[in-house]
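Following: one structure in structure tokens, then a few remarks.
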Amino acid sequence: MASKTRETDELFGVEVSPKTAKWTKKLGFHALLWSSIFVVLLPVFWMVVVSLNQVAFDTFIRDPGAWLGGVSFDAYRRMLYQTNFPIWFRNSVIVTVASTVLSILICTFGAYSIGRLDFKGRKAVATFLLLTQMFPLILVAVPLFLIFRNIGLFNSLFGLTIAYVAFVLPFSIWMLRGFYENLPESLEEAAMIDGSTRIGAVIRVIVPLSAPAIATTAIFAWIFAWNEFVMALILINDDGKMTLPPGLGSWVGQYTLQWDLMMAGALGATLPLFVILFFLQKYIINGLAEGAVKT
């Protein structure tokens, strides 16, 4: 006998029609989704508003169109021509690109060694890498400052790059290690049977297959280097060698703060990350999903 179709659904303890329940759930989902988007984008929107016009928040709430009467790009003009923002931006790009490339080159082979090669102490090395992430960055700030000052790397972009590579490597190796462990060993064996060395097999076979995971690791390394504040503040004391985070922080005075200039600088520093994440978000999802299931 054919089963009887349900004529009502229960929603929050109330009997409603299936169509009403469906539309109520869909409405609730979209309300939650757009509320989350609003919460995330509100700070960015407010940065734009303040950078174009220093309108007070309560004034904006009473009359959202009030700020349009005084829109000005003067803050962006001052930022580009009367401050060191372009120099800080250039330094951030140099340090971030260099540290990302170096960390990826090193962690690719480091993660392969831990994930694919069988050697004594392999698990201990992997555990040690994980343990290093449990210590806050500020804990090693003073020792690192003393070491870099004694070896001549203090107040240099090269020294800051080396510091970033050192901090990014453990997490990067740990991320790639899980991906390499799930790749079939027959891939390298087939390449070596054809006459390739192990390093050649890694470069020609393993690296192309792990492109999504490497891209994900590179994005995380980029975000860390671009946003890092503590090490850049401690290891750099020359205004012409500062990166964006400590550079923007130097605009905060004891008694005064130019909010339009600060918001213009914050927006200029944030925009590259938005662009990168917008175009590379699929690699983040693919890279995280690649190592999620044990094969």
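The basis for the numbers below is simple: all heavy atoms, side chains too, and nothing from hydrogens, waters or symmetry mates. Everything numeric in this text was worked out from a predicted model, so none of it was measured.
No continuous path of hydrophobic side-chain contacts links Leu27 to Leu32 [ILVMFWY only; heavy atoms under 4.5 Å].
No side-chain heavy atom of Thr270 sits under 4.5 Å from any side-chain heavy atom of Val44. With contacts defined as side-chain heavy-atom distances shorter than 4.5 Å, the pair Thr243/Trp88 does not qualify. Side-chain contact check for Phe89 versus Pro272: some heavy-atom pair is nearer than 4.5 Å. Thr197 is not listed as a side-chain neighbour of Met192, based on a closest heavy-atom distance of 4.5 Å or more. Thr127 places a side-chain heavy atom less than 4.5 Å from the side chain of Leu131. In this structure the side chain of His30 reaches within 4.5 angstrom of the side chain of Trp34, judged on heavy atoms. Residues Val140 and Phe167 form a side-chain contact, since some pair of their non-hydrogen atoms from C-beta on lies under 4.5 Å apart. Contact of the Tyr180 side chain with the Ile114 side chain is not registered, since no non-hydrogen atoms from C-beta on lie closer than 4.5 Å.
Ring centers of Trp259 and Trp46: at least 6.0 Å apart, outside the cut-off.
Taking the side-chain hydrogen bond (donor to acceptor under 3.5 Å, both in side chains) definition, one finds that Arg78 meets it with Asp74, Gln258, Asp260, sequence neighbours left out.
Between Phe220 and Phe171, the ring planes are perpendicular. Angles over 60° get that label, and only those under 30° would be called parallel.
Remark: Arg204 CZ is loosely packed, at most 12 non-hydrogen atoms of other residues, nucleotides or ligands lying under 6.0 Å away. Remark: Ile37 CD1 is packed, more than 12 non-hydrogen atoms of other residues, nucleotides or ligands lying under 6.0 Å away.
In this structure, the side chain of Thr132 engages the main chain of Leu129 through a donor-acceptor pair within 3.5 Å. Between the side chain of Ser92 and the main chain of Leu244, a donor-acceptor pair closer than 3.5 Å is present. In terms of modelled atom types and a separation under 3.5 Å, the side chain of Ser156 and the main chain of Gly159 share a donor-acceptor contact. Remark: the backbone N or O of Thr96 is paired with a side-chain donor or acceptor of Ser99 at under 3.5 angstrom. A donor-acceptor pair under 3.5 Å is absent between the side-chain atoms of Thr108 and the main chain of Leu105, judged by distance alone.
When all heavy atoms are compared, the tightest approach of Trp251 to Phe85 is CH2-CD1, 4.3 Å.
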- Begin from the C-alpha positions of Val95 and Phe158 and carry the test side chain to side chain contact (heavy atoms under 4.5 Å, CB included) through to its verdict. CA-CA 8 Å; Val95 172; Phe158 178 73; over 6 Å; no
- Message: side chain to side chain contact (heavy atoms under 4.5 Å, CB included) for Phe109 and Ile203? Distances and angles first, verdict last.
- Response: CA-CA 10 Å; Phe109 292 96; Ile203 296 175; 4.3 Å; yes
All N/O donor-acceptor pairs, side-chain side in residues 221-237, below 3.5 Å, sequence neighbours left out:
unit_1, atom_1, unit_2, atom_2, d
Trp226, NE1, Ala269, O, 2.8
Asn227, ND2, Ile223, O, 3.4
Glu228, OE1, Tyr164, OH, 2.8
Glu228, OE1, Met231, N, 3.1
Glu228, OE1, Ala232, N, 3.1
Glu228, OE2, Val230, N, 2.9
Glu228, OE2, Met231, N, 2.7
Asn237, OD1, Asn155, ND2, 3.2

